[in-house]
Structure formats: structure tokens, C-alpha cells
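These notes concern the structure reproduced below.
Being a predicted model, the structure only gives us computed values, none of them experimental.
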Amino acid sequence: MDVHKEHLDKFMVPKGRDMLYMTMGQTMGGYPGFGLFLTTVLGQSSPEQLGWWLGKTYSMQITGAYAQTELGHGSNVRGLQTTSHYDVDKKEFVLNTPTLDSMKW
């Protein structure tokens, strides 16, 4: 992210309310990578994956996004119809998208 290069080169570390604003980015128009993306990296990565992703995410060298949508529901998470279950024999998740409204974008 070239726009942050000057700050990253100076090893800018968030202080004071900086982290609050970054965390609240999804509601305050800031950087949502410290909200949903960073917490997803932290919560769903193996130690090996954390070694590659965490530093780059935290220093804003990479950014990410979280999106969840269905054709008929947009980002209305409560209205989502898709379900999944884990098939132990096949060792995989099986997704059920029951209606046209639950198609994915």
C-alpha cells in the first residue's frame, strides 16, 4: 500500500486512539483491516500462516476484506439461507444453497 509507505518506512506504530479508530474502521470510514481482516487472520491461521500473514497485515503491507453475500440478501447476515455440514467420511464440508435467493455472488 504505497500510500502508507512513508509511515511504514519510519516504523509508525499506532498509539493513543489510533488503534481504536483502525479497529472501528468498518463504522468510521477508516481501515477495516484491523477489524474483520486482522481478527480473521488471528483466529483462523496456523502458526505457519501467522508467520507469513500477521506482520504484513499489522504493518499494512497487505490489506484484506471480509465479504458475505447472497443474491437475495446482500450483506443481511441474519437472512442468509446457505447451510453447511461436515461429511466425516469424505472429510469435507458440504454446502447447501437451497434457493435462487441464496446463490452466491
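Of all the heavy atoms in T97 and M103, the pair that sits closest is CG2-N, 3.8 Å.
Remark: side-chain polar atoms of Q49 are paired, donor with acceptor, to backbone N or O of S46 under 3.5 angstrom. S102 places a side-chain N or O within donor-acceptor distance of the main-chain N or O of T99, the cut-off being under 3.5 Å.
Relative to the ring axis of W52, K56 places its NZ or CZ within 45° and under 6.0 Å from the centre.
With rounding to the nearest 0.5 Å, the separation of NE2 in H85 from CG in D87 is 5.5 Å. Atom CD1 in I62 sits 9.5 Å away from atom CG in L54 (nearest 0.5 Å). Going from atom CG of L50 over to atom CD of Q44 covers 11.0 Å, rounded to the nearest 0.5 Å. L42 CG to Y58 OH: the interatomic distance, rounded to the nearest 0.5 Å, is 10.5 Å.
No path of Ile, Leu, Val, Met, Phe, Trp and Tyr side chains, each step under 4.5 Å between heavy atoms, connects Y86 with L95, placing them in separate hydrophobic clusters.
Within a 6.0 Å sphere centred on CD of E48, other residues, nucleotides and ligands contribute 12 heavy atoms or fewer.
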